[in-house]
There are 2 protein chains.
Amino acid sequence: MFDEYDKSYPIELVADFLGVNSRTLYYYERFSLVCPLRRGRKRYYSKADIRWLEYVRELMYDEGMNLRSIIILIRRRDNIILGKCPEDVVDCFKNYLMQISKERE
Amino acid sequence: MFDEYDKSYPIELVADFLGVNSRTLYYYERFSLVCPLRRGRKRYYSKADIRWLEYVRELMYDEGMNLRSIIILIRRRDNIILGKCPEDVVDCFKNYLMQISKERE
DNA sequence: ATAATTTTTTCACTTTAAACGAAAATTAAT
DNA sequence: ATTAATTTTCGTTTAAAGTGAAAAAATTAT
């Protein structure tokens, strides 16, 4: 429950779980799509990282989006959620995101 | 003023204006990114079509998005604006879209 | 310490989307 | 019917996404 953001899963395990080559995860990292903890040189991923990567794969493979678009998606969402836009827009947009993620289920 | 949606510009003119090959516009059409009027077999585009295509090019070339992502963007926006979600969310989202397009200028 | 294993990194290759060139096919115009 | 324009098809080019192989670096075991 509290280990959601605990970076403790090594890359090979994550790659196997997602069904991708570990090289692909290195590749994503170069685009800042994911940011594992580095202990020494080794990488460790959290459950949240893994679920995020699942979502990324879904957008890419089920929907056909490319990396750049996903990065834009993040940036825009961050702008909305962290940025300096009015409270009511933030609230509405949060609802919108919720709605979309529900539709996805 | 009323000619905004008047489909009267032939493909070659539109392609020249956008700086693309007309083949590219045929290509976009196969993805339903634009829908010119067919009189006989000839295609005619409106000013609104042209501005939409300018925006598409911008998303692709300045931002690096791919066609599929733009189609998703349309679909989602249509869901929000035309769909069955509450009025206030629609209004908020319209504002959001306005804001984004202003930031772009 | 050094040998063995694991992880990272680099290089090169494959595959696919996006776009374009050339030319054949179709349509319209005189 | 001949000419001109438009559409369509086919093949090629370019770049992104991903992978394989193996070198390089680091960690672990003996």
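Within every chain, numbering begins at 1; the chains are lettered A, B, ... in the order of the sequence lines, protein sequences first and strands thereafter.
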Round to a whole Å and report the spacing from [atom1] of [X] to [atom2] of [N].
X	N	atom1	atom2	answer
A:Tyr26	C:dT7	OH	P	8 Å
A:Tyr28	D:dA17	OH	P	9 Å
B:Ile71	C:dA17	CD1	P	12 Å
B:Leu37	D:dT6	CG	P	15 Å
B:Tyr45	D:dT6	OH	C1'	11 Å
A:Arg23	C:dT9	CZ	P	10 Å
A:Ile11	D:dA26	CD1	P	17 Å
A:Arg39	D:dT28	CZ	C1'	16 Å

Side chain A:Arg41 and base C:dT9 donor-acceptor under 3.5 Å: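 Answer no: no donor N or O sits under 3.5 Å from an acceptor.
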Using a 4.0 Å cut-off on heavy atoms, which residues in residues 15-22 of chain A reach DNA chain C? List them by number, or say none.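 Going residue by residue through residues 15-22 of chain A, none turns out to have a heavy atom under 4.0 Å of DNA chain C.
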Using only side-chain N and O atoms of A:Tyr27, determine if any of them is under 4.0 Å from OP1 or OP2 of D:dA17.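 Checking A:Tyr27 against D:dA17: at least one side-chain N or O falls below 4.0 Å of OP1 or OP2.
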Looking at A:Arg43, I'd like to know whether one of its side-chain N or O atoms comes within less than 4.0 Å of OP1 or OP2 on C:dT7.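 So the side chain of A:Arg43 is outside the cut-off, no N or O lying under 4.0 Å from OP1 or OP2 of C:dT7.
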Give one of base, sugar-phosphate or nothing for B:Arg38, where a contact means two heavy atoms less than 4.0 Å apart.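 It contacts sugar-phosphate atoms only.
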side-chain hydrogen bond (donor to acceptor under 3.5 Å, both in side chains) between B:Arg23 and B:Tyr28, intermediate numbers included: CA-CA 9 Å; B:Arg23 283 285 294 103; B:Tyr28 288 173; over 6 Å; no
Derivation of the side-chain contact (heavy atoms from CB on, under 4.5 Å) call for A:Asp6 and A:Lys47: CA-CA 7 Å; A:Asp6 228 47; A:Lys47 280 182 183 170; over 6 Å; no
Donor-acceptor contact below 3.5 Å, side chain A:Asp49 vs main chain A:Ser46: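 Side chain of A:Asp49 to backbone of A:Ser46: a pair is present.
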Contact check, side chains of A:Val34 and A:Leu25, non-hydrogen atoms, under 4.5 Å: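 With C-beta onward as the side chain, the pair stays apart.
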